[in-house]
S.K.: 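First, the structure itself, so that you have it in front of you.
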Amino acid sequence: MKIAFWALGKQHEAYVKEGVEEFSGRIGNYFRLEWELIPVPKEAAHLSPQELKKKEATVILPKIAKEDYLVALEERGRQMSSEGLASFLQGRANAGTRRIIFLIGGAYGLDETVLRRANTLWSLSQLVFPHQLVRLILAEQVYRACTIMKNEKYHHS
């Protein structure tokens, strides 16, 4: 199974870049991993939040293959424990999922068309985090889930 992390926005800020690279490399020991940073539309400053989300959706949706499993990070989504995430990933791998995409939306979240396409809506927390930090949290939590799946020592329960 391939794991894809997609994020709307600019390149990783220096304060998260090293951590994202570290955990991404670690995930590579378990699954093939790709990052895709989707640029914000150039006219974003002149669009309403709804118009911006719709414009972003026109870029995102064509990139998603029919057989891809899409996990949209969404504040209204369900929350999972680290063990729950490990079980979820193992279940997707067992089901023969070729590619699972974890999608981090833009400043205003994701358009309803993207949320309807998503197979799972996942909330990392009831707290609000900066999008850059979400990238690091996502990478670390997926790595943690991988170690739980293999019964390795990283996670303490």
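Positions are given from 1, in the same order as the sequence printed here.
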S.K.: Thinking salt bridges, do Glu36 and Lys63 make one under a 4.0 Å N-O criterion?
M.R.: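 The answer is yes: the pair qualifies as a salt bridge.
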S.K.: Decide if atom CZ of Phe88 counts as having more than 12 heavy atoms of other residues, nucleotides or ligands within a radius under 6.0 Å.
M.R.: yes
S.K.: Do Ile137 and Phe23 come within less than 4.5 Å of each other through their side chains, counting heavy atoms only?
M.R.: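 Side chain of Ile137 against side chain of Phe23, heavy atoms only: no contact under 4.5 Å found.
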S.K.: Applying salt bridge (Lys or Arg N to Asp or Glu O under 4.0 Å), run through Glu140 and Arg144 and close with a yes or a no.
M.R.: CA-CA 6 Å; Glu140 190 280 336; Arg144 180 179 297 274; 2.8 Å; yes
S.K.: Could you state the interatomic distance from CD1 (Ile148) to CD (Glu83), rounded to the nearest 0.5 Å?
M.R.: 4.5 Å
S.K.: Does a side-chain heavy-atom distance below 4.5 Å link Trp6 with Leu37?
M.R.: no
S.K.: Are the side chains of Trp122 and Met80 in touch, meaning some heavy atoms are under 4.5 Å apart?
M.R.: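 Sidechains of Met80 and Trp122: in contact.
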S.K.: Tell me whether Ser81 contacts the main-chain N or O of Gly84 through its side chain, where contact means a donor paired with an acceptor under 3.5 Å.
M.R.: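 Yes: the side chain of Ser81 pairs with the backbone of Gly84.
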S.K.: For Tyr154, does its backbone N or O pair with a side-chain atom of Glu152 as donor and acceptor, under 3.5 Å?
M.R.: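 Such a contact is absent between Glu152 side chain and Tyr154 backbone.
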S.K.: Using side-chain heavy atoms (C-beta onward) and a distance below 4.5 Å, is Ile38 in contact with Glu56?
M.R.: no
S.K.: Quick one: pull up NE2 in His12 and CD in Gln132 and give me the separation to the nearest 0.5 Å.
M.R.: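 Atom-to-atom, His12:NE2 and Gln132:CD are 7.5 Å apart.
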S.K.: Show your working on side chain to side chain donor-acceptor pair (under 3.5 Å) between Ser125 and Gln79 and close with a plain yes or no.
M.R.: CA-CA 7 Å; Ser125 170; Gln79 294 186 12; 5.4 Å; no
S.K.: For Gln126, look at atom CD and say whether over 12 heavy atoms of other residues, nucleotides or ligands are found less than 6.0 Å away.
M.R.: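 Atom CD in Gln126 is not packed in, count stays at 12 or less.
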S.K.: For a 4.5 angstrom cut-off between non-hydrogen side-chain atoms, does Phe5 reach Arg135?
M.R.: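 A side-chain contact under 4.5 Å is absent here.
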S.K.: Look at Lys55 together with Glu51 and state whether they make a salt bridge at an N to O cut-off of under 4.0 Å.
M.R.: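 Between Glu51 and Lys55 there is no salt bridge, as every charged N stays at least 4.0 Å from the carboxylate O atoms.
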S.K.: Under a 4.0 Å threshold between the charged nitrogen and the carboxylate oxygen, would Arg26 count as salt-bridged to Glu22?
M.R.: yes
S.K.: Test Tyr69 against Thr120 for side chain to side chain donor-acceptor pair (under 3.5 Å), laying out the working first.
M.R.: CA-CA 8 Å; Tyr69 191 97; Thr120 297; 2.6 Å; yes
